[in-house]
Amino acid sequence: MKVSNRNNHRMWYSKPAEVWNEALPIGNGRLGAMIFGGIAEERLQLNEDSMWYGGPRDRNNEDALPNLPHIRKLIMEGKLREAEEIASMTMAGLPEAQRHYMPLGELQLSFGNHDGPIEDYVRELDLDRGISRVSYRVSGICYTRELFASHPDQAIFIRISADKKSALSVKARFNRHKWRYLEKTKKWEQSGLIMLGECGGKDGSSFATVLKAIPTDGACRLLGEYLLVEDASSVTLMLAAETTFRQKDPELYTKRRVEELSQTAYDTLLARHTSDYGELYNRVALNLIQKIDRHDLPTDERLKQFQQGEEDPGLIETYFQFGRYLLISSSRPGSLPANLQGIWNDSFTPPWDSKFTININTQMNYWLAENCNLAECHEPLFDLIERMREPGRITARTMYDCRGFTAHHNTDIWADTAPQDTYLPASFWPLGAAWLCLHLWEHYRYSQNRIFLEKAYETMKESAQFLLDYLIEDAEGRLITCPSVSPENSYKLPNGEIGVLCAGASMDFQIIEALFTACIRSAELIGRDSSFREELAAVLERIPKPQIGRSGQIQEWMEDYEEVEPGHRHISHLFGLYPGESFTPEHTPELAKAARTTLELRLKNGGGHTGWSRAWIIHFWARLQDGQKAYENVRALLEDSTLPNLFDNHPPFQIDGNFGGSSGIAEMLMQSHTEVIRLLPALPDTWYEGSVQGLRARGGYTLDFSWMMGRVIEVTVKSAIDGFCQLEGPGLKSVSFHAEAGRSYTFT
């Protein structure tokens with residue numbers, strides 16, 4: 001079977017971006033830029049992933065532990081208002097906010113000889129090669145700009161050219177929020193500019209950004225804060241940036257880097273980038289057969305037509321691959337993880353601080369890493385989890401007198417684990433680290449790498465130890481979490497009192513079940529900690545099991561409380577459906593039926609109104625094997641929560657919906673969370689014919705398959721290890737076989 005990416009995964013536009021939400025992103029994991037594609041004036045809004053305000057702090061509230069027993073007692077007695085008032089003073093971080101992410105600045109470019117009418121304008125992002133381009137014609141001269149952020153060379157490259165000799169004149173300068181946050185610019189030799197500054201706050205990082213011009217002809221000179229290139233046919237601009245988070249002397253480091261790169265031919269730099277990027281991107285191809293080819297339409301026009309009810313499988317392909325592009329561009333080995341905006345942020349006070357929000361959003365950012373064949377892009381998250389262990393131990397001990405490590409619903413560049421904000425529906429929820437640790441287990445399940453598991457097990461174990469100590473016994477002898485919340489929802493007591501702090505949110509127990517089970521299985525695989533395994537198994541017997549409420553829904557809390565907001569964006573009590581695995585139509589049909597009712601109630605009351613929430617709902621319907629419902633929510637994600645540049649709209653822009661959208665589409669096509677790899681478990685009618693190449697399944701398998709009329713016609717399984725493989729899918733007889741490492745198996 002031959003499947004390939006058609007060279008049409010290209011987002012293109014017939015005019016420059018007027019606002020940030022129309023600009024196009026490039027990135028290498030650490031460095032990013034939003035490209036507006038202006039004509040006489042171009043603007044690149046720049047980011048570097050370690051540009052965060054301020055340094056590390058110990059924000060743990062020493063009054064938490066002395067007041068914890070009283071808070072627990074009040075919650076158990078139903079005295080919510082009193083419990084929440086005390087908790088808001090004694091459990092909040094000091095100060096209550098963690099650090100926030102900031103822009104690096106802007107590079108402004110001005111072009112001479114642009115007074116004539118503009119013709120043939122195209123602005124594009126080539127997803128197949130990871131390159132952005134701008135081209136147009138002025139007074140008979142064709143100007144082109146080619147831009148990319150290279151991971152191997154850790155720099156941004158801008159190649160500007162004209163098809164007439166000596167027709168190109170460029171002015172370049174740096175900016176930071178109308179120069180109000182620009183500390184210093186200085187000249188570098190005859191062809192470079194340097195921007196220097198501080199991230200601010202106590203112990204905050206310093207940064208340096210270096211720009212160098214290399215013209216093929218013409219001349220370079222510096223005037224004031226400007227770099228001028230005059231009478232050239234083409235010029236390559238090289239931009240590098242660093243902070244003291246990684247480099248002791250960012251200015252010296254970036255100058256040396258750019259100087260070294262300037263000795264290399266542009267074609268070589270481009271080839272290194274496309275080879276490195278393509279090695280990741282080209283692993284997966286999705287082809288959905290379409291009756292009408294709309295690739296000649298600008299992407300914003302295609303999106304508009306889709307939002308008006310047109311079918312466009314090609315746009316779905318592009319959206320799917322754009323999510324993969326964004327993860328490659330914002331999360332690479334050595335970078336920080338993708339934050340709430342990936343790396344692309346233009347605000348000095350961004351929404352929710354553009355942090356790592358770990359009660360769903362950061363986790364959703366990485367749902368596509370394994371099944372969409374980008375496992376290396378998962379590594380920055382693992383690095384952050386490791387850095388969270390030490391501060392998380394301090395938080396566990398200081399706030400709760402527990403072993404192990406914990407984190408609440410946010411963390412930042414410094415791996416801060418104390419509660420963020422005094423936002424009662426979210427802040428005092430100590431299971432953030434536990435949920436993150438499940439990503440370690442998932443990485444093992446896909447890779448089957450025992451060496452990785454041996455290291456990851458120690459981290460998972462430490463998170464489980466915290467929960468063993470944090471659980472308390474209730475009046476019925478159950479082990480429960482208290483205080484906790486069901487992120488970020490509220491409930492109503494029979495007496496009408498509204499509360500958020502609770503004893504035992506359903507998601508808590510679903511996460512605990514998943515983590516303890518992962519720890520038990522891991523310890524068995526690596527042959528250690530038999531007594532610890534027994535302790536975890538004994539606790540699993542005593543935690544509350546999922547309950548079905550009076551409306552036939554999965555209960556969100558231990559009690560069947562009335563919800564204050566029935567259409568709430570979080571659907572935390574369906575964790576067991578996705579990303580957990582405890583609710584399945586095959587093994588727990590009653591819970592699967594109750595999960596369906598839960599979804600129907602949420603949607604009936606206006607749920608899914610944020611992009612990431614809608615993306616989560618796609619996964620839920622996919623796991624319930626309802627292709628039509630899953631596709632309705634794919635459509636809703638693009639219709640209601642997608643910006644002209646295909647960024648996800650919370651609103652405002654938040655990148656988790658992009659990553660969740662891609663992951664959800666993959667989940668519709670293949671699932672491997674049970675002992676069987678299931679092909680086309682949630683295929684909608686509109687995707688009646690197609691093929692996919694390179695999706696990964698748990699167990700160490702990579703699959704290519706194609707289908708017609710909704711039935712599998714051919715599947716190839718590549719095995720990374722020796723193991724027993726089972727396949728199912730419409731049109732495919734159930735297949736079971738022993739796979740050998742390094743071999744491929746094809747079934748028709």
Side-chain angles (χ1 to χ4, degrees), residues 1-6 8-9 127 284-295 297 299 302-303 305-324 367-368 371-373 578 585 614-642 646 657-672 677-697 703-716 727-732 748:
M1 177 178 62
K2 185 178 179 182
V3 184
S4 64
N5 272 317
R6 298 192 301 273
N8 56 25
H9 294 138
L127 299 179
V284 174
L286 171 63
N287 295 313
L288 301 173
I289 303 304
Q290 47 210 308
K291 293 177 181 176
I292 302 172
D293 192 329
R294 291 184 165 85
H295 290 97
L297 277 177
T299 303
R302 291 179 72 184
L303 180 61
Q305 290 187 7
F306 190 86
Q307 291 169 341
Q308 293 167 357
E310 295 287 339
E311 291 294 347
D312 190 346
L315 182 63
I316 301 292
E317 292 175 21
T318 299
Y319 183 84
F320 169 79
Q321 294 287 24
F322 183 53
R324 296 183 67 249
W367 286 352
L368 78 163
N371 62 355
C372 291
N373 216 332
Y578 191 95
R614 186 67 72 177
W616 200 358
I617 291 167
I618 296 168
H619 291 82
F620 291 145
W621 286 121
R623 284 281 174 94
L624 291 172
Q625 300 171 26
D626 191 326
Q628 291 308 111
K629 290 286 188 185
Y631 180 62
E632 284 174 20
N633 286 275
V634 171
R635 283 205 67 100
L637 181 60
L638 271 79
E639 288 173 359
D640 304 326
S641 301
T642 299
L646 299 190
N658 285 106
F659 295 138
S662 296
S663 171
I665 291 167
E667 197 73 13
M668 293 166 69
L669 298 173
M670 187 182 78
Q671 295 174 13
S672 62
I677 299 172
R678 194 178 302 274
L679 308 181
L680 308 182
L683 188 74
D685 293 342
T686 191
W687 300 350
Y688 58 89
E689 183 176 350
S691 59
V692 68
Q693 175 182 309
L695 291 185
R696 292 173 75 231
L703 282 84
D704 306 343
F705 55 96
S706 56
W707 65 94
M708 290 182 66
M709 303 308 293
R711 297 168 70 81
V712 178
I713 56 172
E714 185 173 306
V715 55
T716 298
L727 293 177
E728 288 183 5
L732 184 72
T748 59

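For the pair L368 and N371, the minimum side-chain heavy-atom distance is below 4.5 Å. Counting heavy atoms from C-beta outward, Q305 and L315 have side chains that stay 4.5 Å or more apart. A heavy-atom distance below 4.5 Å is not found between the side chains of I316 and T686. Side-chain contact check for H619 versus W367: some heavy-atom pair is nearer than 4.5 Å.
Going from atom CG of N373 over to atom CD of Q693 covers 10.0 Å, rounded to the nearest 0.5 Å. Interatomic distance, D312 CG to L303 CG, rounded to the nearest 0.5 Å: 9.5 Å. If you take NZ on K629 and CE on M668, they are separated by 13.0 Å, rounding to the nearest 0.5 Å. Rounding to the nearest 0.5 Å gives a distance of 8.5 Å between CG of L695 and CG of D704. We find the CE-CD1 distance between M670 and I665 to be 14.5 Å, quoted to the nearest 0.5 Å. Atom OG1 of T299 and atom CG of L646 lie 6.0 Å apart (nearest 0.5 Å).
Side-chain N or O atoms of S662 include none that pairs as donor or acceptor with a backbone N or O of Q321 at under 3.5 Å. Not one N or O on the side chain of E667 forms a donor-acceptor pair closer than 3.5 Å with the backbone of R623. Within the 3.5 Å criterion, the main-chain N or O of Q625 finds no donor-acceptor partner in the side chain of Q671. The main-chain N or O of S641 is never found under 3.5 Å from a side-chain atom of R614 such that the two would form a donor-acceptor pair.
Every residue two or more places apart in sequence or in another chain that forms a ring-ring contact (aromatic ring centres under 6.0 Å, His included) with W687 is listed here: Y631. Residues meeting the ring-ring contact (aromatic ring centres under 6.0 Å, His included) test with F320, sequence neighbours left out: none. For F322, the ring-ring contact (aromatic ring centres under 6.0 Å, His included) criterion is met by no residue, not counting sequence neighbours.
Of the candidates L683, L727, L680, V712 forms a side chain to side chain contact (heavy atoms under 4.5 Å, CB included) with just one, namely L680.
The nearest pair of heavy atoms linking R635 to F306 is NH2-O, 2.5 Å. In terms of heavy atoms, G661 sits closest to A615 at N-CB, 3.8 Å. Nearest approach of Q290 to E317, heavy atoms of both residues: NE2-OE2, 3.7 Å. In terms of heavy-atom proximity, G694 sits nearest to V284 at O-CG2, 3.5 Å. P730 and L679 get closest at one heavy-atom pair: CD-O, 3.3 Å. Heavy atoms only, all atoms of each residue included: Q307 and T642 are closest at NE2-O, 3.8 Å.
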Given the rule in the side-chain contact (heavy atoms from CB on, under 4.5 Å) test, do L669 and W707 qualify, once you have shown the distances and angles that lead to the verdict? CA-CA 11 Å; L669 298 173; W707 65 94; 3.9 Å; yes

